[in-house]
Amino acid sequence: MVSVLVRIVLLCGVLVPLGLLVAVSGAGIWRWPQLLAPQWSWDAWTYVLFSPDTWQAVWTGGSIALVVTVLNLLVCWPAADALTRGKVGRDYPWMEALLYVPIVVTGFLPLMGLHRLFIRFDLADSYIAVVLVTWPVALPYMLRPLMAGFATFGVAWEEQGRMLGAKSWQSASYIVLPQLAPSIAMGCGLSMVVAWSQHIIPFLLGGGQVRTVSMVMMPFLVGGEWGIGASYAVLYTAGACVLFWVSGAWVRKGWK
Amino acid sequence: MKLHANNETVRILKVVPALAVIVLFFGGGIVFAVVQSFGGFAVEGPSRWTWEAYEAVWETAWFLPSLAVSLRTSVLATLFSAFIAAGLALMTVRAGRFWRGMMAIPLGVPHLVAAVLIVLLWQQSGGLARLAYALGWIDAWQAFPIVTNESFGWGIILAYVWKEVPFLYLFLLPVLQRIRAEWYDVAQLCAATKWTYGRTVVLPLMMPSLAVGSFIVFAYTFGAFEVPYVLGVTYPASLAVVAYDLYTGDWSLRPQAMVVACIQATVPLLVGLLLIRLFRRSRQQGIGW
């Protein structure tokens with residue numbers, strides 16, 4: 001009985017706000033105190049889906065997420081391997097701790113410091129600046145699943161491979177990849193979502209030149225254009241879910 | 001260079017690229033920001049070492065109220081999230097995919113959107129106000145309590161709870177699932193009630209993970225910008241919003257923006273060090289796995 005009640009409360013708590021967002025995106029004029037919107041209107045969605053700004057922003061945000069994720073996979077794979085198997089992780093615990101610092105230190109500190117540096121090197125307001133700053137922020141989310149994967153993997157399979165004459169890239173793609181596909185899929189998915197969801201990094205470091213979905217969305221919300229703002233919010237959220245799902249599915253399928 | 005399992009130098013070299021990313025593009029930023037807060041790399045005029053920006057921030061009227069807003073919202077959001085998540089996790093240990101799938105949904109929602117959701121639901125003419133009106137609980141939108149954009153920060157807390165309860169829930173669930181049902185049978189043989197079993201077995205096993213998870217939540221909510229930007233008030237604004245305003249305002253205020261950002265990063269650091277000390281002590285008492 002209690003369990004059923006908790007289930008219902010939770011279901012409402014999670015789904016009602018999201019449902020309301022979708023409703024607002026298609027409500028058109030929705031006056032107080034109407035509980036339900038009088039009619040569904042595609043006006044806001046038509047504007048959002050046919051605005052070139054939208055797809056430019058989706059491409060910018062999505063490609064940043066993809067580049068950051070690939071970069072993170074490249075640096076986290078060897079790191080996760082070395083930290084979990086062998087003595088390095090035990091002998092130098094500060095290494096692992098350092099890699100998780102971006103989870104704990106949030107806010108503006110690293111952002112503002114680098115901004116000044118980028119201005120000096122003429123990198124400010126550029127795509128590269130946004131990628132470079134998003135990279136460490138998403139890194140722990142790639143590292144964690146990979147370390148969990150390597151920790152349960154052992155070295156015997158790779159030793160076997162080496163004995164049979166496998167080169168290191170062969171061992172990576174034929175032995176480690178298939179075995180760790182779930183961990184890699186999770187890491188890529190999380191890294192994608194974290195990179196895609198950043199708002200303030202592209203906002204401050206992109207200087208208006210690098211426009212992602214959240215930046216296109218904000219003026220409408222601030223200006224009280226709730227229909228269009230909510231449509232962008234749905235798109236922004238859906239983008240995160242699609243990136244998580246696609247990167248996971250792609251990794252799993254690719255090495256089955 | 002061959003990949004030998006025992007070659008320690010090679011193994012350290014494998015960690016170097018990841019470390020370099022953090023040190024260069026994160027640590028470097030922190031160092032530069034701290035240097036700027038003490039007057040280095042001045043945007044205009046000569047650079048010199050000075051406490052001026054710190055003194056200026058300390059003497060402003062907004063500093064303490066803003067610190068209070070940030071602390072209040074992040075501490076309360078963390079406590080509420082921790083209690084709700086722990087309760088839910090304990091109730092649903094044996095529950096399967098439904099709960100995990102359900103709780104994973106808010107994780108994928110960006111913080112900015114979570115803040116917008118709270119506005120749509122809780123503002124005075126929002127979804128809940130309309131529901132209250134339809135049910136006859138209020139007779140005008142003015143009668144609905146002000147929850148968003150008020151100075152206590154309830155809206156901010158609500159948005160964070162909505163986002164962080166699922167995070168903590170999914171953080172705790174694997175730990176609780178390692179507690180086997182048979183242990184309760186054994187405890188009952190020792191004449192333990194459900195309450196003593198929970199207090200002496202489940203709670204100590206759950207505590208380290210709950211503490212780490214809560215700390216992550218605290219550190220994040222204390223530093224984050226999006227939610228207080230959407231759901232806060234102009235005065236007193238949370239530290240993140242103040243830092244943003246200072247940074248995007250007059251150039252001469254940039255050192256002060258760096259000062260606020262430094263304070264924002266230092267508070268979670270101190271809390272973290274305190275937690276590590278507490279941890280050591282409780283480890284000696286045998287709490288944890």
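The basis for the numbers below is simple: all heavy atoms, side chains too, and nothing from hydrogens, waters or symmetry mates. Naming: A, B, ... by sequence-line order, numbering from 1 per chain.
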Margin query: Which atoms of B:Y229 are under 4.5 Å from chain A, going by heavy atoms: the side chain, the backbone, both sets, or neither?
Written below: side chain
Next item on the list: For B:V113 and A:Y232, run side chain to side chain contact (heavy atoms under 4.5 Å, CB included): C-alpha distance rounded to whole Å, both residues' side-chain angles, the deciding distance at 0.1 Å, then the answer.
Entry: CA-CA 10 Å; B:V113 176; A:Y232 272 120; over 6 Å; no
Checklist line | B:Q36 to A:M112 - nearest heavy-atom pair and separation | finding: NE2-O, 4.1 Å
Next item on the list: Using non-hydrogen atoms and a 4.5 Å limit, figure out which bit of B:S37 sits close to chain A: side chain, backbone, both or neither.
Entry: neither
Checklist line | Under 4.5 Å from a heavy atom of chain A, the part of B:W141 involved | finding: both
Next item on the list: For B:I22 and A:P102, work out which heavy atoms get closest and say how close.
Entry: CD1-CG, 3.6 Å
Checklist line | Side chain, backbone, both or neither of B:V116 within contact of chain A (heavy atoms, under 4.5 Å) | finding: side chain
Notebook entry, point to check: In terms of heavy-atom pairs under 4.5 Å, which option from A:L117, A:V133, A:L143, A:V193 contacts chain B the most?
Noted result: A:L117
Checklist line | Engaged part of A:D81 at the chain B interface, taking heavy atoms whose separation is under 4.5 Å | finding: both
Notebook entry, point to check: Under 6.0 Å between ring centres, would you say that holds for B:F26 and A:W135?
Noted result: no
Note to self: Angle between ring planes, B:Y247 versus A:H115, binned at 30° and 60°: parallel, tilted or perpendicular?
What the structure shows: tilted
Next item on the list: Answer with side chain, backbone, both or neither: which region of B:V119 has an atom nearer than 4.5 Å to a non-hydrogen atom of chain A?
Entry: side chain
